[in-house]
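We name chains A, B, ... by the order of the sequence lines, and we start the count at 1 in each one. Reckoned from all heavy atoms, side chains included, excluding hydrogens, waters and symmetry mates.
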Amino acid sequence: MTPIEWAAVALGVLGAFFGLVAALGIVRLPDVYTRAHAASKSDTLGAVLSIGAVAIVLQTDLSTIKAVFLLVFMFLTNPTAAHAIARAAQDQGIEPWTADDGEGEP
Amino acid sequence: MTDIGTVFVVLAGAFVVFAGVALYRVFAGPTTHDRVIAVNVAGTNTVIAISLVAAALDEPVFLDVALVYALLNFLLSIAFSKFNVEQGGVL
């Protein structure tokens, strides 16, 4: 394999790791705000790293441009969506989780 | 399919598994917001899996599908949060 392919594999594996972190955060964290945090940060980083791997593997011009476009789009919209949902939750009066509600209650 | 194609197909399978794990929160989540966040994460993982398969099979047309899927995923979240605030819940 060429060095470019090794770089792509490294980026993809790192992205899969952050995807795993996001999935665990969605399942294990205690309330809606912490889950929005896990969804916005970890999943966006996993998406950007993985689509970056796709962008450097596809060597044709137009598909690399499409992959970079998808990457930038993910980078902008994913935290925006999580923020909008968390704000809707706050407008509906859902209280944030505190340590008094139970230690590590999933 | 080259050997890097095999690696990318395995990574796409891993992202599909992570989407399935996030779907547990759709089933169990106490509020509707939890469910929408989990659906958003599952949709993002689907977009990543589609683009990884596009790189693995060397079919750049799949990237168009991934772009449209990402647009619809974003639209779902924004529309849900707006309707939910204005009308007190759609689901």
Taking atom CD1 of B/I48 and atom OG of A/S50, what is their separation to the nearest 0.5 Å? 5.0 Å
Using a 3.5 Å distance criterion without hydrogens, assess whether the side chain of B/D34 forms a donor-acceptor pair with backbone atoms of B/I37. no
Can you check whether B/R35's main-chain N or O pairs, donor with acceptor, with B/R25's side chain at less than 3.5 Å? no
Where does [X] contact chain B at under 4.5 Å (heavy atoms): side chain, backbone, both or neither?
X     : result
A/A55 : neither
A/A8  : both
A/V32 : both
A/I51 : side chain
A/L70 : both

For the CZ atom on A/F69, are there more than 12 heavy atoms of other groups (residues, nucleotides or ligands in this structure) within a distance under 6.0 Å? no
If you count every heavy atom of other residues, nucleotides or ligands that lies below 6.0 Å from B/L71 atom CG, does the total exceed 12? yes
Min side-chain heavy-atom separation A/N78-A/S40 under 4.5 Å: no
Side-chain heavy atoms of B/F80 within contact of B/H33, under 4.5 Å: yes
In terms of heavy-atom pairs under 4.5 Å with chain B, the winner among A/D43, A/T60, A/L62, A/T80 is A/D43
Relative to chain B, which of A/L24, A/T64, A/L58 shows the most heavy atom pairs under 4.5 Å? A/L58
For chain A, the option from B/N45, B/V61, B/V21, B/T44 that forms the most heavy-atom pairs under 4.5 Å: B/T44
Go through B/N40, B/V17, B/L76, B/V10 and name the one with the most non-hydrogen pairs under 4.5 angstrom from chain A. B/N40
If I measure from the heavy atoms of chain A, does B/L67 come under 4.5 Å with its side chain, its backbone, both, or neither? both
At a 4.5 Å cut-off on heavy atoms, which part of B/F18 comes close to chain A: side chain, backbone, both, or neither? both
Give a yes or no on whether A/Y33 and B/V36 share a hydrophobic cluster (residues Ile, Leu, Val, Met, Phe, Trp, Tyr; joining criterion: side-chain heavy atoms under 4.5 Å apart). yes
